[in-house]
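A note on names: the letters A, B, ... follow the listed sequences, proteins ahead of strands, and every chain is numbered from 1. Keep in mind that this is a model prediction, so the values were computed, not measured.
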Protein chains: 2
Amino acid sequence: MSSGHVGNEPCSAVSTLQVLSGKWKWLILYHLFQHPSLRFSELMRKIPGITQRVLTKQLRELEEEGIVERTVYPEVPPRVEYAITAYGQSLRPILDMMHAWGLEHLRRKTERATHPSER
Amino acid sequence: MSSGHVGNEPCSAVSTLQVLSGKWKWLILYHLFQHPSLRFSELMRKIPGITQRVLTKQLRELEEEGIVERTVYPEVPPRVEYAITAYGQSLRPILDMMHAWGLEHLRRKTERATHPSER
DNA sequence: CCGAATCCCTGGTGATACTG
DNA sequence: CAGTATCACCAGGGATTCGG
């Protein structure tokens with residue numbers, strides 16, 4: 001366990017990050033937030049750089065936590081769609097705030113690079 | 001660069017997580033949010049499990065991003081204090097939301113463990 | 001007390017190939 | 001199309017030691 005214990009952690013934010021730990025999870029949510037549902041292949045295309053293996057794994061973990069829902073349509077060829085659950089929706093405000101903060105942060109860094117003179 | 005490019009990233013939240021990437025960074029902020037400033041050794045005690053090397057590194061990175069401020073008092077023995085900058089304060093709402101979400105999530109899991117019958 | 005310098009090690013990720 | 005199965009990798013951390 002080492003440091004994975006988040007039982008009586010004074011900072012519960014850590015457990016949030018624990019649940020959302022994974023290089024692409026927030027990006028996956030980002031895309032699922034703007035579409036009712038997405039097929040596996042659609043997610044692949046929307047997330048350049050991710051591999052099948054990793055996308056599968058992170059989706060499974062999100063499903064495990066009840067954040068996304070996986071629907072398999074018994075067709076041929078196979079079709080699997082992923083969607084945000086009602087519970088997952090509760091993460092949206094957080095993502096939005098991080099989105100805004102990230103934007104502002106990038107702007108800030110750009111400024112510092114543009115006006116390197118003033119310290 | 002592989003996948004580290006966050007320039008024209010459609011999801012700027014990723015860059016936020018990029019900046020705050022580090023096992024203990026949010027926890028460090030958590031403590032700095034409830035104290036005007038903390039000494040290095042105080043942070044060490046408040047964060048069981050972290051090592052000097054790692055605490056130093058993550059603090060330096062936070063300082064680099066303008067999120068925390070490092071003040072060295074030229075005394076003997078040395079005293080170094082860390083404090084949140086005005087800019088760093090802008091992260092507080094995000095941390096608060098993650099804190100709330102994490103708490104709720106833990107409660108949810110506890111419930112599922114308590115009533116394992118109902119699916 | 002605070003932190004730099006070394007060495008080491010693990011787990012999350014990437015690459016590739018194969019299947020129903 | 002939507003995965004599983006293997007193997008390999010390396011950056012982020014961890015343990016320890018030394019220094020001002």
- [ ] Take atom CG of B:Leu55 and atom P of C:dA4, then tell me their distance rounded to the nearest Å.
- [x] 11 Å
Task: Proximity of B:Trp26 and B:Phe33 rings by center, below 6.0 Å - done: no
- [ ] Name the closest nucleotide to the B:Thr51 side chain, picking from D:dG14, C:dT13, C:dA15.
- [x] D:dG14
Task: Salt bridge A:Glu104-A:Arg107, side-chain N to carboxylate O under 4.0 Å - done: yes
- [ ] Using only side-chain N and O atoms of B:Arg70, determine if any of them is under 4.0 Å from OP1 or OP2 of C:dG3.
- [x] yes
Task: Separation of atom NZ in B:Lys57 from atom P in D:dG13, rounded to whole Å - done: 6 Å
Task: Between D:dG3 (P) and A:Glu42 (CD): distance, integer Å - done: 13 Å
Task: Over 12 non-hydrogen atoms of neighbours within 6.0 angstrom of CD in B:Glu75 - done: yes
Open item on the list: From CG of B:Leu59 over to C1' of C:dC1, roughly how many Å is that when rounded to an integer?
Closed with: 14 Å
Open item on the list: Counting the atoms with a prime plus P, OP1 and OP2 as sugar-phosphate, which does A:Arg53 contact under 4.0 Å by heavy atoms, base, sugar-phosphate, or nothing?
Closed with: base
Task: Nearest-neighbour nucleotide for the A:Arg60 side chain, C:dC2, D:dG3, C:dG12 considered - done: D:dG3
Open item on the list: It should be established whether B:Ser41 places a side-chain nitrogen or oxygen under 4.0 Å from OP1 or OP2 of nucleotide C:dC2.
Closed with: yes
Open item on the list: Between P on D:dA15 and CE on B:Met44, what's the gap in Å once rounded to a whole number?
Closed with: 11 Å
Open item on the list: Looking at A:Arg39, I'd like to know whether one of its side-chain N or O atoms comes within less than 4.0 Å of OP1 or OP2 on D:dA2.
Closed with: yes
Task: Side-chain heavy atoms of B:Phe40 within contact of B:Arg79, under 4.5 Å - done: no
Task: 5'-most by nearest nucleotide on DNA chain C - A:Pro78 or A:Gln58 - done: A:Gln58
- [ ] Using a 4.0 Å heavy-atom cut-off across all strands, classify A:Tyr73 as base, sugar-phosphate, or nothing.
- [x] nothing
- [ ] For C:dC2, take OP1 and OP2 only and decide whether either is under 4.0 Å from a side-chain N or O of B:Tyr82.
- [x] no
Task: Nearest-nucleotide pick for B:Gln52, side chain only, options being C:dG14, C:dG3, D:dG3 - done: C:dG3
Task: Check: A:Glu42/A:His35 side-chain N/O donor and acceptor closer than 3.5 Å - done: no
TODO: Provide, to the nearest angstrom, the distance between the CD1 atom belonging to B:Ile50 and the P atom belonging to D:dA15.
DONE: 11 Å
TODO: Grab the CZ-C1' distance between A:Phe40 and D:dT4 for me, whole Å please.
DONE: 11 Å
- [ ] To the nearest Å, give me how far apart CD (A:Glu75) and C1' (D:dA2) are.
- [x] 13 Å
Open item on the list: Side chain of A:Trp24 only, heavy atoms from C-beta on: which candidate in C:dT13, C:dC1, D:dG3 is closest?
Closed with: C:dT13
Open item on the list: As a test of reading the structure: which of C:dG14, C:dC2, C:dC1 is closest to the side chain of A:Lys23, going by heavy atoms?
Closed with: C:dG14
